[in-house]
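In what follows, a structure is listed as structure tokens, so that the remarks can point back to it.
Throughout, numbering of the chain's residues begins at 1 and tracks the sequence. Just follow the structure's listing: the first ligand is 1, and inside any ligand the first atom is 1.
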Amino acid sequence: MAVDLENLVSQMTLSEKAALCTGASRWTTTPLQHLGIPELLCADGPHGLRRLPDINAVGSASLPATAFPTASCLASSWDVELVDQVAQALAEECIAQHVDMLLGPGVNMKRSPLGGRNFEYFSEDPFLSGEMAVHYINSLQARGIGTSLKHFAANNQEYQRFNISAEIDERTLREIYLPAFERAVKEAQPWSVMCSYNKVNGLLASQHGYLLNDILKQEWGFEGLVVSDWGAVRERVAALRGGLDWEMPGPMPRRVNALVAAVRSGELDEALLNESVRRILRIVFKAHETPKGGDFDVEAHHRLAQKAASEGMVLLKNNGILPLKTPQHIAVIGRAAEQAHFQGRGSSFINPTRVAVPFNELQARAGAAELTYAEGYPTDNSFNQELIDQAVAQAKTADVAILYIALPGFKESEGYDRQDLDLTAQQVALIQAVSQVQPNSVVVLNNGAPVLMGAWLDGVAAVLEAYMMGQAGGAAVADILFGRANPSGKLAETFPLKLEDVPAQGNWPGNLGAVHYGERLYIGYRYYDLKHMPVLFPFGYGLSYTTFAYSSARASASIFKDVDGLTVSVDVTNTGALAGKEIVQVYVHDLAASLDRPYKELKGFAKLELQPGETKTVSIRLNFRAFAFYNPRYRQWITENGQFDILIGASSADIRQTLSVTLQSSVELPCILDRESSLVEWLEDPRGRQVLGGLYDEIEVGLGKYYGGGRIGNYMEMIKNNPLYTVLIRAEKFLSKNADELLAEFLEQVHKLP
Ligand code: BGC
């Protein structure tokens, strides 16, 4: 039955409205029984449900739920159907545990690999993050469970996370930090968006009218409610005015009173409060439509978590040792073999339904082989040579050593950033010592973000990046090592060679309350492309036990209109002996633009499964936005006529096919010429050129003579970027009118032209 919201709002008292805009508990909205308004219950995600049995308790254990791989790992699967399935399972667990809305996904960009919460975020690339989020949200919401897209916006570090101001220019914000949110909102309409703790350009995200009202609600058409991150609100009235509908957590009678008082005193227009009330009510009633209760299939979800882990892990190095042939003696080294490290610390911490112990999973697949175990490194940051010696002794006599290396929680967690990209000193020494006596050493990494490997990579036979692999990851690792699964993940982030290479270094983590995003658009591979800088492992990279060939790339047109977009196709063949999956990536390279652009940007991808010898055709659609950039002067996304290369590759550094196409822009720009516009800007603007008419030649000839005599090589080259006004001043001597009169006339004429 449809609820008459207007009628309901008209029956609510001012205090009831204010109460609805504030949480009733840590996880619920305020119910109003006499009006038939139920409560909405939310719980943390994103990669599993953290439903606390007592909604007011802080720090108690949550109900058992499936811990899926965290976002870094899930994104490396590049598998949107898998994301659909994981989100479906999350919805089923929400339904079983009476949860209406899951607090996820997180789509912030990995500006620096040092970011403490990177494990909860998908990628350094906005397109990949956006794709993941659209599927995650649509799949959950199709089952009647809401999502909360977070953290809006620019939550890219943990240092001073409650008040640091992310200083970002408009273009960088639009092209890097907002697009994943934008796509998710436009294509999936999350029930809620969670604001971030930090400030953006000086203003708290919780009261950021430009971000919340102008961009999110107006420009993108967001229909859901904006919720604060837990404890992000400073001034309740300013936040409501700025677009924040629901403050969390509650109860907070003080805040309710503040809203009531502000309306009574005339400081706050009640219409604004009503608008927030409507947004919240719409979601509360929508949530109520989904019947809750029952069980979820613990076994099936565990199996899905295993599949997700197996698709997301990335094989970084393999000298041929993997898949393991039939070793008789395997030295299993590292505490993470016994104590699986499969999730990160903080609000996303899950109480798993069960845990696949990596050692046991190996044993189960190792047949008659003997497995020994050595702890290898302590839980803390101390150095223990004895543990290394034990491991070395076992590795020496084995056929192969498998080192399970987990980056400890004290080095990586929500709440603080990483200080470096290193493993612990003990872990590095352990890998070095073991690989020295055992050339068949395989390193399995459990971490949420890139680590450096220069100190030991050459010495080991193989490296599997298993990330924070979820509760079933131990089984996925064993499957990959023994070849029961063919690895198919590819990195959703760049692994740098050293910390100094990271684009944000020098502007990280900020000081005096602000962090300047000085690298602008150039994060991740965009930066390494710009600098032609070698990396440890590039974005989009990952090995398989088979090989793939790309051929016959083609585009639906060689000359196309931006609004029509383009379809590019390529044939991919499995040229190896094993079935496997390939992730085909499509990047766009703009050959010339009026503003600087990253050399290439990911604009499409597909994952496909191929039997040995099989060929499939991949077709990828590129729309207007695949070619556009944001022009902050015009405050809009624009395209420009010209040539683009479409780069089709197996990674950002392994382009296999290139297509050249020509774009015809349909963008009509308003004239923004003013007193400061340069000569070039006048000439590049069609109306400006028309108004200047033959004057350019006059200036060229006149000034050329005046300053001639070979004193200056190319006079026009020297002055073309000067304001037209200063050019006219110099040319006054041979012009009929003075510079002020002329410029005034030009400006009047140019703004009259259609
Ligand atoms: C985190 C959010 C989380 C919320 C509720 C905050 O500290 O930043 O991601 O959803 O707590 O636990």
Side-chain angles (χ1 to χ4, degrees), residues 22-29 40-63 65 67 70-72 90 94 97 99-110 115-122 129 133 136-137 140 145-164 166 180-181 184 190-200 204-206 224-234 244-252 343-351 412-417 448 468:
T22 313
S25 72
R26 290 195 65 74
W27 307 104
T28 50
T29 57
L40 173 141
L41 172 68
C42 60
D44 261 316
H47 41 263
L49 185 55
R50 190 171 70 99
R51 159 77 153 99
L52 294 156
D54 175 353
I55 51 171
N56 284 307
V58 184
S60 64
S62 51
L63 300 175
T70 78
S72 314
L90 290 171
C94 286
Q97 298 193 5
V99 170
D100 298 304
M101 190 161 87
L102 192 66
L103 301 177
V107 293
N108 294 96
M109 290 296 101
K110 303 188 194 210
R117 282 187 100 165
N118 279 16
F119 69 91
E120 279 185 75
Y121 296 143
F122 292 120
S129 300
Y136 181 104
I137 296 166
L140 259 145
I145 298 298
T147 57
S148 197
L149 181 67
K150 64 192 189 181
H151 305 87
F152 190 65
N155 171 232
N156 309 111
Q157 64 182 58
E158 293 298 274
Y159 173 71
Q160 296 187 344
R161 69 168 169 162
F162 282 91
N163 56 357
I164 193 95
F181 288 99
W191 289 10
S192 72
V193 167
M194 188 190 290
C195 77
S196 57
Y197 285 132
N198 51 281
K199 296 179 187 131
V200 179
L204 282 165
S206 59
L225 64 88
V226 175
V227 59
S228 70
D229 197 348
W230 270 225
V233 173
R234 295 280 213 293
L244 184 117
D245 304 303
W246 184 33
E247 175 175 7
M248 281 300 271
M252 290 263 257
Q343 63 174 331
R345 306 271 145 177
S347 59
S348 66
F349 192 79
I350 291 151
N351 179 11
E412 182 180 31
S413 168
E414 176 180 345
Y416 44 87
D417 294 317
M468 290 177 176

- Message: Is there a salt bridge (charged side-chain N to carboxylate O under 4.0 Å, His left out) between Asp44 and Arg26? Walk through the geometry before answering.
- Response: CA-CA 11 Å; Asp44 261 316; Arg26 290 195 65 74; over 6 Å; no

- Task: Rounded to the nearest 0.5 Å, what's the gap from SG on Cys42 to CH2 on Trp191? Could you check?
- Result: 12.0 Å

- Using heavy atoms and a cut-off under 4.0 Å, could you grab the residues that are in contact with ligand 1, chain by chain, numbers ascending? Trp27, Asp44, Arg50, Leu103, Arg117, Lys150, His151, Arg161, Met194, Tyr197, Asp229, Trp230, Ser347, Glu414

- Here the pair of heavy atoms bringing Ala71 nearest to His47 is N-ND1, 4.4 Å

- Separation between OG of Ser347 and CH2 of Trp230, rounded to the nearest 0.5 Å: 9.5 Å

- Task: Locate the shortest heavy-atom distance separating Ser206 from Leu244; write the atom from each residue and the value.
- Result: O-CB, 3.5 Å

- Please assess His151 against Tyr121 for the test side chain to side chain contact (heavy atoms under 4.5 Å, CB included), listing each intermediate value before the final yes or no. CA-CA 10 Å; His151 305 87; Tyr121 296 143; 2.7 Å; yes

